[in-house]
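Note on naming: letters A, B, ... go to the chains in the order of the sequence lines (proteins, then strands), and numbering restarts at 1 for each one. Predicted model, so just to flag it, every value in this text is computed and none were measured.
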Amino acid sequence: MQTYISGIAAQEGKSATLKGWLYNIRSGGKIRFLLVRDGTGIIQCVASQADVGEETFELIDTLTQESSIEVTGTVRADKRAPGGYELVMTKLELVGRAADYPITPKEHGTAFLMENRHLWVRSRRQAAILRVRHEIVRAIRDFFDDRGFVLFDTPIFTPAACEGTSTLFETDYFGEKAYLTQSGQLYAESGAMALGKVYCFGPTFRAEKSKTRRHLIEFWMVEPEVAYLDLDGDMELAEDFVFYVVEQVLANRREELDIIERDTSPLEKIKKPFPRISYTECVDILNKAGHPFQWGNDLGGDEETIVSSQFESPVMVHHFPAEIKAFYMKNDPQDERLALGFDMLAPEGKGEIIGGGQREDDYDMLVKKIQAHNLPLEAFDWYLDLRKYGTVPHAGFGLGLERTVGWICGLSHVRETIPFPRMLHRLKP
RNA sequence: UCCGGAGUAGCUCAAUCGGCAGAGCGGGUGGCUGUUAACCACUAGGUUGGGGGUUCGAGUCCCUCCUCCGGAGCCA
């Protein structure tokens, strides 16, 4: 029977068999200390020649880093062991010998580690980050599922741009041009008209030659869309949602945050309601902070950092100038220059994690906007149908998973937040 | 695409003014019964990113190309 290291404390004083890999080894004259990992944790296994016999003892000395092994022994609490428990070995079985594992227990550069990403994920820190990612994904699903949202999967292959601005990956679809999706939102809107409250959660693709710590070519986005919801309701949903995700990670992944050495106090300070400031107020804040900024420009990375650093909770900036926002966003009936959209900026200068808002629900207005953005009307005939057959006010938003993981884990770069990041000039492994 | 930085042993990095290419880790061999990225001794390991040029002599200076890193724009 196999025991997992995560549950080793319950086996104290008893016999256990661990199946894993050799993380590191240290030796004394007739004693060996094997650090064994099994994916759930790391434990020190102690072998003395007297306990395991000469043959096994010699086998231990031939083991290389990351060789796969099965070890049997007695679990014992010992202060000298990292983690507080160790396995006093009686038996060892070599499953697969590893040859010259490239990632040594020493410092490496990120370029080298990215080349070896398929092996880097075995390291303690990377594994912890990926566990937090999983927790965030679970919290996202639970949040929407518990509130009666229906998962509405949207297509990866699309016939045209969702937003004219970004560059798309073009593929050959049996002789026809098709593009990899950059958002499931337009399709999710159709879902909201059918099922009321929906969300889509999948990969999206942006062929922009972005080369910063916040960008990936392929990233995951969750996009809820709700019928009969306005901008205020949308922001409330986003606030409840992000708060829940942070709460769940703090409740369930303390150990991993500890391994990553994340200072959790900024996360613990987050409370509802999140600050809401209009774009126009935002311009004032920037100018008062000594950062000249003109009304009408879009917020860049520096601006986001200045604004978000004024608050402990994520801040929602709303009512942007309509000109700098996408065609599908509804204009403010009080002031046509403004769009009923919002961005949520994460604290600690981590930038935009959510973009969303109320959608244009008037048929004629939408036609005008599509034309104004120089987009082909015929590609959006089905989207316009949603306004033709029982249109309603509706809203939604998109949350970038990797940026959220990066913020919650306190990472400076999104490349460590996904098992195999696709970046400019990196398609392998 | 633009701006800046970097390519030297498997990895992380040194190499003075242009003058014999080195260290730590990792590998190998040996030693040590409580190690904590263990330690000690010995040992193997190089087309200095590619190409061209200057020079008696180039890792070092010049030209060019390639790769990677950081940032900008764009965005979640």
Side-chain angles (χ1 to χ4, degrees), chain A residues 23-35 42-52 57 61-62 64-66 76 78-84 86 88 98-116 119-120 123-125 162-167 182-185 203-223 238 242 297-302 304 324-326 342-346 350-356 397-407 412-415 417-418 423-426:
Chain A
Y23 196 74
N24 197 3
I25 187 164
R26 292 185 277 267
S27 64
K30 293 283 176 271
I31 190 167
R32 300 288 182 268
F33 299 94
L34 288 73
L35 285 179
I42 295 179
I43 193 169
Q44 173 166 288
C45 301
V46 188
S48 70
Q49 196 173 34
D51 289 342
V52 298
F57 202 74
D61 282 341
T62 70
T64 49
Q65 190 192 354
E66 285 301 317
R76 185 174 73 186
D78 192 312
K79 276 180 194 162
R80 291 169 297 184
E86 62 183 18
V88 183
D100 294 334
Y101 189 69
I103 302 177
T104 61
K106 259 301 196 198
E107 58 203 286
H108 297 283
T110 48
F112 175 79
L113 291 168
M114 285 306 312
E115 295 287 340
N116 292 283
L119 303 174
W120 190 20
S123 76
R124 216 185 310 219
R125 180 181 163 83
C162 299
E163 308 168 33
T165 53
S166 300
T167 326
Q182 53 183 344
S183 166
Q185 181 211 310
T204 55
F205 309 86
R206 305 271 165 99
E208 287 154 357
K209 300 206 168 172
S210 296
K211 201 173 148 64
T212 80
R213 61 184 70 222
R214 302 186 302 278
H215 284 89
L216 292 173
I217 300 299
E218 175 184 312
F219 65 96
W220 285 66
M221 189 155 66
V222 58
E223 294 172 281
V242 170
N297 290 341
D298 207 353
L299 300 176
D302 289 348
E304 287 178 359
I324 57 172
K325 285 294 170 185
F342 78 99
D343 285 352
M344 187 189 286
L345 308 178
K350 295 297 178 186
E352 183 182 348
I353 52 169
I354 282 181
F397 60 81
L399 171 121
L401 178 63
E402 286 74 19
R403 283 191 187 173
T404 305
V405 175
W407 160 49
S412 60
H413 202 300
V414 289
R415 70 184 151 212
T417 64
I418 185 168
M423 298 182 293
L424 196 61
H425 305 133
R426 187 170 296 284

How far does the P atom of B/rU47 sit from the matching atom of B/rU8, given to the nearest Å?
12 Å
Suppose you measure atom P in B/rG52 against the same atom in B/rG5; what distance do you get, rounded to whole Å?
27 Å
Starting at CG of A/D61 and ending at P of B/rU29, how long is that distance when rounded to a whole Å?
10 Å
Using a 4.0 Å heavy-atom cut-off across all strands, classify A/D343 as base, sugar-phosphate, or nothing.
nothing
Using the P atom as the reference point in each nucleotide, state the distance between B/rC11 and B/rU48 in Å, no decimals.
15 Å
Integer-rounded Å distance: B/rU35 P and A/K30 NZ
17 Å
Quick one: label A/E86 by what it contacts on the DNA or RNA (base, sugar-phosphate, nothing), any heavy atom closer than 4.0 Å.
base
When the distance from CG of A/D100 to P of B/rA44 is rounded to whole Å, what number comes out?
18 Å
Rounded to whole angstrom units, what separation is found between the CD1 atom of A/I43 and the P atom of B/rG34?
20 Å
With a non-hydrogen cut-off below 4.0 angstrom, is A/Q49 in contact with a base, only sugar-phosphate, or nothing?
nothing
Please state whether the base of B/rC75 and the side chain of A/H215 form at least one donor-acceptor pair under 3.5 Å?
yes
Rounding to the closest angstrom, what is the interatomic distance between B/rG59 and B/rC68 at atom P?
26 Å
Any strand: nucleotide that pairs with B/rG7 via Watson-Crick or wobble, under 3.5 Å
B/rC66
Side chains of A/E223 and A/S183: donor-acceptor distance under 3.5 Å anywhere?
yes
Between A/L299 and A/T110, which is nearer to the 5' end of RNA chain B once each is assigned its nearest nucleotide?
A/T110
Go through B/rC75, B/rC11, B/rG70 for me and flag the one nearest to the A/R206 side chain.
B/rC75
Drop me the distance from A/N116's CG to A/H108's NE2, to the nearest 0.5 angstrom.
8.5 Å
Rounded to the nearest Å, what distance is computed from the CG atom of residue A/D51 to the C1' atom of nucleotide B/rG34?
13 Å
Candidate nucleotides B/rG73, B/rC69, B/rU33, ranked by approach to the side chain of A/T212 - the nearest:
B/rG73
B/rA76 versus B/rU64 - spacing of their C1' atoms, nearest Å
40 Å
Approximate separation, where rounding is to 0.5 Å, of A/F342 CZ and A/I354 CD1:
5.5 Å
Please tell me whether A/H413 and A/T417 have a donor and an acceptor in their side chains that are separated by less than 3.5 angstrom.
no
Of all the choices, B/rC75, B/rC69, B/rG34, which nucleotide is nearest to the side chain of A/K211 once you look at every atom?
B/rC69
Sugar-phosphate only, base, or nothing, as touched by A/T204 at under 4.0 Å among non-hydrogen atoms
nothing
A/N297 has an atom CG; how far is it from atom P of B/rC75, in whole Å?
12 Å
Separation of the C1' atoms in B/rG19 and B/rC25, to the nearest angstrom:
30 Å
If you look at every strand shown and take non-hydrogen atoms under 4.0 Å, does A/L216 touch a base, only sugar-phosphate, or nothing?
base
Taking a pair to mean Watson-Crick or G-U wobble geometry with both distances below 3.5 Å, B/rC74 pairs with none
Searching all strands shown, indicate the nucleotide that pairs with B/rA41 (Watson-Crick or G-U wobble; both distances under 3.5 Å).
B/rU29
Between A/G300 and A/K325, name the one whose nearest nucleotide on RNA chain B is closer to the 5' end.
A/G300
Roughly how many Å apart are B/rC13 and B/rG7, using the P atom of each and rounding to a whole number?
9 Å
How would you label the contact of A/P82 with the nucleic acid (heavy atoms, under 4.0 Å): base, sugar-phosphate, or nothing?
base
Which atom pair, heavy atoms only, marks the closest approach of A/I217 to A/E208?
CD1-O, 3.5 Å
Is the phosphate of B/rG34 approached by A/R76 (side-chain N or O, under 4.0 Å from OP1 or OP2)?
no
Give the rounded distance in Å between these two atoms: CG of A/L424 and P of B/rA72.
14 Å
Students often get this wrong, so: under 4.0 angstrom with heavy atoms, is A/G109 touching a base, only sugar-phosphate, or nothing?
sugar-phosphate
Would you say A/H413 places a side-chain N or O within less than 4.0 Å of OP1 or OP2 belonging to B/rG70?
yes
Carboxylate-amine/guanidinium proximity below 4.0 Å for A/K79 and A/E86
no
Counting only side-chain heavy atoms from C-beta out, which of B/rC69, B/rC74, B/rG27 sits nearest to A/E208?
B/rC74
Using modelled atom types only, decide if a donor and an acceptor are shared between the side chain of A/R403 and the backbone of A/R214 within a distance under 3.5 Å.
yes
With sugar-phosphate meaning primed atoms plus P, OP1 and OP2, does A/F219 contact a base, only sugar-phosphate, or nothing at under 4.0 Å between heavy atoms?
base
Just to be sure I understand the rule, does A/R415 reach a base, reach only the sugar-phosphate, or reach nothing, if contact means heavy atoms closer than 4.0 Å?
sugar-phosphate
Which nucleotide wins on minimum distance to the side chain of A/F112, given the candidates B/rA72, B/rG34, B/rC11?
B/rC11
Does A/R32 place a side-chain N or O at less than 4.0 Å from the phosphate oxygens OP1/OP2 of B/rG34?
no
A/R214 has an atom CZ; how far is it from atom P of B/rA76, in whole Å?
12 Å
Separation between the P atoms of B/rA15 and B/rC61, rounded to whole Å:
12 Å
So, A/D298 and A/K325, do they make that salt bridge, N to O below 4.0 Å?
no
Under a 3.5 Å cut-off for both distances, is B/rG34 Watson-Crick or wobble paired, and to whom?
none
